[in-house]
Protein chains: 2
Amino acid sequence: MSQPVRPPAPETRDRILDAAEALFVEHGFEATSMRMITSQAGANIAAVNYHFGSKDALIQEVFRRRLTELNRQRLAALERLQADAGGAPLKPSRIVDAFFGTALELAADTEHGGHTFMRLLGRTYTEPNAFVRQFLAEEYAEVLERFLGALYGALPDVPREEILWRFHFMMGAMSYAIAGTDGLQLFAGHFDDADPQRLMPRLMSFLLGGLRAPLPEFSEVARKGGREAA
Amino acid sequence: MSQPVRPPAPETRDRILDAAEALFVEHGFEATSMRMITSQAGANIAAVNYHFGSKDALIQEVFRRRLTELNRQRLAALERLQADAGGAPLKPSRIVDAFFGTALELAADTEHGGHTFMRLLGRTYTEPNAFVRQFLAEEYAEVLERFLGALYGALPDVPREEILWRFHFMMGAMSYAIAGTDGLQLFAGHFDDADPQRLMPRLMSFLLGGLRAPLPEFSEVARKGGREAA
DNA sequence: GTCTATACCCGGATAGAC
DNA sequence: GTCTATCCGGGTATAGAC
């Protein structure tokens, strides 16, 4: 019955990551104590510090193991589009789908914690915590560069600055879309149809409508009072 | 020289609120200690507990004093629209402007802390903290009811569920719009033009484009793999 | 009514035994 | 690799000064 090499039970570390991810979603980073995490993971308090070094480093690792994979898939989807197009300009809707659709697919995966993670990620973009923001910016640098470049090429008539802002707005909409699938939000009691299956087409319509909207006109004079006029 | 009634120096309480608001924006709720707040406000540690009862109650009061006024203005703007229309259906763009434009105007006020507050509010919609969410939901109940009703009337051909979701998406976009005016976000280094004056038209174009987008089609079969096809 | 000093318990981090 | 003991800083409650 002796197996040649029993894999050296790489358990504790992963159990801590899973427990932390779930608890962070439910309570937030700060309200989740290391004692909560380790007790849920069946580990000792000091195990977090041993395996990760600090609570902050644990948070970072929770994101890293998921985000790296998500952004890899996003880049792969974009590269597939570009290969299929063979040099021709891409359709903006495809690009948007490669970025946001991939994320929503992960959010739809309730079996392996993808949904849990995306809820966490969505609200973390605006985290005040400096090290979290710094880390996210680094993790996203390449993907943003590539997707923005693709959109610039797909929408040559739209000023780049405008595309940049609209991409930013789209990320906000997605963040709230994911958060909104979980009740207990501002619209609690209003949503009759929170079917995750339908979220993707709903969000995609909205995002593309916003991305393709007529360009804004900037009036040189202050526009104060513009709303008051009938 | 004896004045009739010297107003009994209602200072400490307000100084604490101002200090808390500023520190919450910079560090977040949890990372801001009561000792930081009271020392910045020139007050004793126990003053928070005396004036507000707890840190949570202080957070709540920071929001209440600003949010009540913002939502009052929103409702006033909506009522003005309805009075001017005299029973005729409202233009969706006007409704959107009454809600989001009013908020952005507050965000543009850097003199009296409006900007500071809106940054804080934007990221708080998705707070995991249960009591904060609960409180926001109550503060927003009436405004949401009224604005959604107005949009239902203005867009009779759009399913209400769809309007609801799109309103939710719009709030996400606005939240990120405000957060994006402060550098140090994901897009740090990308924005060349973060002029707050231009943010309003930019965001409005996007929101209206999304709101008026063609309705999504829900396929009955699972759409898995739809993106992979060329 | 307003404010202060202080004591309490909980949470994160670390050292060192095993 | 894991656990125990301990330290320091955070929120909170209270007693009492003004």
Side-chain angles (χ1 to χ4, degrees), chain A residues 5-63 120 124 127-132 135, chain B residues 3-63 65 120 124 127-132 134-135:
Chain A
V5 190
R6 178 146 44 98
E11 299 224 345
T12 307
R13 193 188 142 93
D14 288 328
R15 285 204 316 277
I16 290 175
L17 283 172
D18 291 337
E21 187 174 277
L23 288 167
F24 287 155
V25 170
E26 197 171 352
H27 307 286
F29 295 131
E30 307 285 346
T32 302
S33 72
M34 316 234 311
R35 287 165 173 90
M36 286 163 76
I37 296 169
T38 48
S39 82
Q40 175 153 332
N44 183 277
I45 251 285
V48 171
N49 219 276
Y50 174 74
H51 285 284
F52 303 96
S54 70
K55 186 182 181 182
D56 276 1
L58 168 62
I59 294 174
Q60 200 161 321
E61 185 57 22
V62 165
F63 279 96
L120 187 58
T124 307
E127 268 284 314
N129 194 321
F131 97 91
V132 174
F135 166 72
Chain B
Q3 289 126 322
V5 190
R6 177 147 44 99
E11 300 224 345
T12 307
R13 191 188 142 94
D14 287 327
R15 285 205 316 277
I16 290 175
L17 283 172
D18 291 337
E21 188 175 276
L23 288 167
F24 288 156
V25 170
E26 197 171 351
H27 306 286
F29 296 130
E30 307 284 346
T32 302
S33 73
M34 317 238 306
R35 285 161 177 93
M36 285 164 73
I37 295 170
T38 49
S39 80
Q40 173 152 334
N44 184 277
I45 247 287
V48 172
N49 218 277
Y50 172 72
H51 285 286
F52 304 97
S54 69
K55 185 182 182 182
D56 276 1
L58 168 62
I59 294 174
Q60 200 161 320
E61 186 57 23
V62 165
F63 280 97
R65 68 169 181 165
L120 186 58
T124 307
E127 268 286 312
N129 193 322
F131 97 91
V132 175
Q134 170 67 23
F135 166 71

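For the numbers below, each heavy atom of this structure counts, side chains included, while hydrogens, waters and symmetry mates do not. Since we're looking at a predicted model, the values are computed, not measured. Throughout, protein chains are lettered first and strands after them, A, B, ... in sequence-line order, and every chain is numbered starting at 1.
Across dT2(C), dG1(D), dT12(D), the shortest atom-to-atom separation from the side chain of Tyr50(B) is found for dT2(C). Closest contact between the side chain of Asn44(B) and the listed nucleotides dT4(D), dT4(C), dA13(C) involves dT4(C).
Applying the side-chain hydrogen bond (donor to acceptor under 3.5 Å, both in side chains) criterion to Asp18(A), with sequence neighbours excluded, gives Arg65(A). With sequence neighbours excluded, the residues that form a side chain to side chain contact (heavy atoms under 4.5 Å, CB included) with Gln134(B) are Glu138(B). Partners of Ala41(A) by side chain to side chain contact (heavy atoms under 4.5 Å, CB included), not counting sequence neighbours, listed by chain and number: Arg15(A), Ile16(A), Ala19(A). Judged as a side chain to side chain contact (heavy atoms under 4.5 Å, CB included), and not counting sequence neighbours, the contacts of Arg35(A) are Ser33(A), Ile45(A).
For dG9(D), the base has no donor-acceptor partner in the side chain of Arg35(B) [N/O atoms by modelled type, under 3.5 angstrom].
Distance, Met36(B) CE to dG10(D) P: 9 Å, rounded to whole Å. If you take CD of Glu30(A) and P of dG12(C), they are 9 Å apart, rounded to a whole angstrom. The distance from atom CZ of Phe52(A) to atom P of dT14(C) is 16 Å, rounded to the nearest whole Å. Taking atom CE on Met34(B) and atom P on dA7(C), their separation rounds to 18 Å, with Å as the unit. Between the C1' atom of dG9(D) and the CD1 atom of Ile37(B) lies a distance of 15 Å, rounded to the nearest Å. Remark: C1' of dT2(D) and CD1 of Ile16(A) are 11 Å apart, rounded to the nearest angstrom. Remark: C1' of dG9(D) and NZ of Lys55(A) are 14 Å apart, rounded to the nearest angstrom.
Applying the side-chain hydrogen bond (donor to acceptor under 3.5 Å, both in side chains) test to every pair with at least one member in residues 50-62 of chain A, sequence neighbours left out, gives these pairs: Arg13(A)-Glu61(A), Glu61(A)-Arg64(A).
Residue Ser33(A) places no side-chain N or O under 4.0 Å from the OP1 or OP2 atom of dC10(C). Between His51(B) and dC3(C) there is a side-chain N or O to OP1 or OP2 distance below 4.0 Å.
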Can you pull every protein N or O that's under 3.5 Å from an N or O on nucleotides 13-17 of chain D?
none

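Here the side chains of Phe52(B) and Ile59(B) are not in contact, with every heavy-atom distance at 4.5 Å or above. Counting heavy atoms from C-beta outward, Phe29(A) and Leu120(A) have side chains that approach closer than 4.5 Å.
Across all strands, Thr32(A) comes closer than 4.0 Å only to sugar-phosphate atoms, never to a base (heavy-atom distances).
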